[in-house]
Amino acid sequence: MSVMSGIESESDSGSIMNITVLYFASLADEANCQQETVSVSASTSLADLYQHLSQKHGFSHSQSELRVAINDYFAKWSDQIQDGDSVVFISPVSGG
Amino acid sequence: MSVMSGIESESDSGSIMNITVLYFASLADEANCQQETVSVSASTSLADLYQHLSQKHGFSHSQSELRVAINDYFAKWSDQIQDGDSVVFISPVSGG
Amino acid sequence: MTDNVPMTDSVPTTNDVHSHSMTIKRSVEEVYQLAERDGFALLDIAIDEDRLKRTLDNDSCGAFVCFEGRVRNHNNATSVDRLTYYGYDDLAINQGRAIIEQAKQRFEITHAIAIHRIGALEIGDVAVWVGVVSAHRYPAFDACRWILDTIKADIPVWKQEYYENDSSKWLSNNG
Amino acid sequence: MTDNVPMTDSVPTTNDVHSHSMTIKRSVEEVYQLAERDGFALLDIAIDEDRLKRTLDNDSCGAFVCFEGRVRNHNNATSVDRLTYYGYDDLAINQGRAIIEQAKQRFEITHAIAIHRIGALEIGDVAVWVGVVSAHRYPAFDACRWILDTIKADIPVWKQEYYENDSSKWLSNNG
């Protein structure tokens, strides 16, 4: 699998999505930020997005350990993301 | 089965027990009292005692519906009572 | 069944046949001390739930579960105006102590306290309170439910409900 | 997996990577209104248990069951000094609303309210409160336990424990 980082693609605005990614708990520690905006190709999958960010930040969680939320609701990993969506990868919770 | 009411036996103090019987709930209504002292022959059983009092007061509960306590602890119907004991017949409870 | 039968009876000493079971003999302070020590007491005034909860506070306990049984405005389809609980206090506290002891043996709990109120209660009043603290949550839930069920089955307390038409009825938990 | 992959990323906007998950945006009044309406909220100060209990008062309910999860002074054999809960508020209240809705479908209860606290907590502080009212006792017990279990499994709240030696650890309910 290839991870591309192509500024040139941004000129084709129809194929670019800006995704806000929020981080919590150990993912925030590892990303060293609360949130970032990521520009990705249209129809980028959630799995692709996590793999990219995982390589960038060195996340210790594998995707199988995480849940994912889109726009403040839990989502399935197979759900499509849209331009402007907010995405959060949810590491194992420990409330209660 | 016979129920005897013999004052003459009281002269034989060795064979007489004085039992305090307390009444609660519907038994108190039917006995129309909170408690009474009953003089019975030595080794009178709890079942005999209840049958006597039931005939006297017209209790609506059969013995099988009741539990019994001796000296403020639940007892078995087969337990012996002693002179000076306090006995309570416990109609079905409804706390909570 | 033997031939030893009752012989003579005394006369009733009072006409108010329930007054002995509507109030308790000890003071309120003594009731809460008894509840703290033995885990169970009857009380003839409103239950101070916050006080019982504070009594159960314990830094080693991550879980607190409590149950409050309140007087409902209905029983099945019948509208209830008020009700009165009557209790046999001396037996209740002996049996209650045994129930709390048994709960501590059966479940991994740190402490438990239960109080049953007697006397005349209004709709919404708390009739019975059961609180349990434990390190982990499931034993607290299990013990709280078991204590409540056992209180309802074994503690000598009787409930008389009064209805809108002025009738009343003795109830049974097993009827 | 497709060929559509991430392309460019922005830079982090702050170095305090957890501040957004230690406080909530709405006022305390709004939190309690939300809890009353939807049955769930996060709160970043001490939980007012009496207020939640009063909110649940209902004359048709004979049973009130509540659970309080408190900060223990130990976790397994390790001594805990304090801990911090972090929450993803917007997802938490959406998921919390769904949990309470589902509880009302699964169990014969009248109402339920749960609040989870976030931020820095001391030993003994209440981290989570769950209260349920119902006509009869078993549904209240069952629903309270189920809501608590489901909160622990699904609500996006994370706990970091601090130990005597100044180390700390992210915990997992499923680990």
Side-chain angles (χ1 to χ4, degrees), chain A residues 1-10 15-45 47-57 65 67 69-74 81 86 88 90-96, chain D residues 1-22 42 67 69 83-96 98 114 116-118 127-128 130 147-161 168-175:
Chain A
M1 210 203 90
S2 65
V3 173
M4 302 180 297
S5 173
I7 300 298
E8 64 274 18
S9 302
E10 284 181 359
S15 64
I16 294 294
M17 305 188 292
N18 290 310
I19 304 295
T20 302
V21 182
L22 275 65
Y23 294 113
F24 294 92
S26 60
L27 290 173
D29 283 341
E30 293 174 348
N32 196 32
C33 68
Q34 294 191 356
Q35 72 173 74
E36 60 184 332
T37 301
V38 190
S39 297
V40 296
S41 312
S43 72
T44 293
S45 74
D48 290 339
L49 179 61
Y50 183 69
Q51 174 153 348
H52 169 67
L53 295 169
S54 188
Q55 289 182 356
K56 174 181 175 188
H57 297 300
E65 297 175 289
R67 281 187 280 185
I70 303 175
N71 299 334
D72 305 325
Y73 284 89
F74 276 117
I81 45 177
S86 161
V88 185
I90 309 288
S91 60
V93 301
S94 49
Chain D
M1 198 168 276
T2 74
D3 286 334
N4 299 295
V5 292
M7 292 170 61
T8 59
D9 307 326
S10 70
V11 292
T13 54
T14 172
N15 283 322
D16 185 351
V17 301
H18 298 300
S19 62
H20 66 317
S21 57
M22 289 182 68
L42 295 190
F67 174 87
L83 55 71
T84 303
Y85 283 99
Y86 304 90
Y88 171 10
D89 191 29
D90 290 328
L91 175 58
I93 62 176
N94 285 333
Q95 189 66 20
H116 203 301
R117 185 173 168 189
I118 60 172
V128 60
V130 181
I147 290 168
L148 176 65
D149 284 349
T150 310
I151 285 173
K152 289 174 79 86
D154 289 346
I155 291 292
V157 166
W158 296 269
K159 177 163 59 179
Q160 194 172 30
E161 282 184 354
S168 69
K169 193 165 67 174
W170 290 104
L171 302 175
S172 163
N173 285 338
N174 303 313

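Every chain is numbered from 1, with letters handed out A, B, ... down the list of sequences. For clarity, every value in this text was computed on a predicted model and none was experimentally measured.
- Looking at D:V128, the atoms closer than 4.5 Å to chain A (heavy atoms on both sides) all sit in the side chain, from C-beta outward.
- The structure places CG of D:D154 at 6.0 Å from CZ of A:F74, a figure rounded to the nearest 0.5 Å.
- Checking side-chain atoms of D:Y85 against main-chain N and O of A:G96 turns up a donor-acceptor pair under 3.5 Å.
- Ring centroid separation for the pair A:F24 and D:H20 comes in under the 6.0 Å cut-off.
- The parts of A:D29 that come within reach of chain D are both its backbone and its side chain, each placing non-hydrogen atoms under 4.5 angstrom from that chain.
- Scored by the salt bridge (Lys or Arg N to Asp or Glu O under 4.0 Å) test, A:D72 finds no partners at all (sequence neighbours excluded).
- For D:I151, no part sits under 4.5 Å from any heavy atom of chain A, backbone or side chain.
- Only the side chain of A:A69 comes within less than 4.5 Å of a heavy atom in chain D; its backbone stays farther off.
- Using a 4.5 Å cut-off between heavy atoms, D:A114 makes no contact with chain A at all.
- Residues that satisfy the ring pair (Phe, Tyr, Trp, His ring centres under 6.0 Å) test with A:Y23, not counting sequence neighbours, are A:H57, A:F59.
- Using a 4.5 Å heavy-atom threshold, the side chains of A:N32 and D:V17 count as touching.
- Side-chain contact between A:S94 and D:W170: absent, with no pair of heavy atoms (C-beta onward) separated by less than 4.5 Å.
- In this structure, chain D has a heavy atom under 4.5 Å from the side chain of A:V88, while its backbone stays farther away.
- Taking the side chain as every heavy atom from C-beta outward, D:L91 and A:I90 approach each other to under 4.5 Å.
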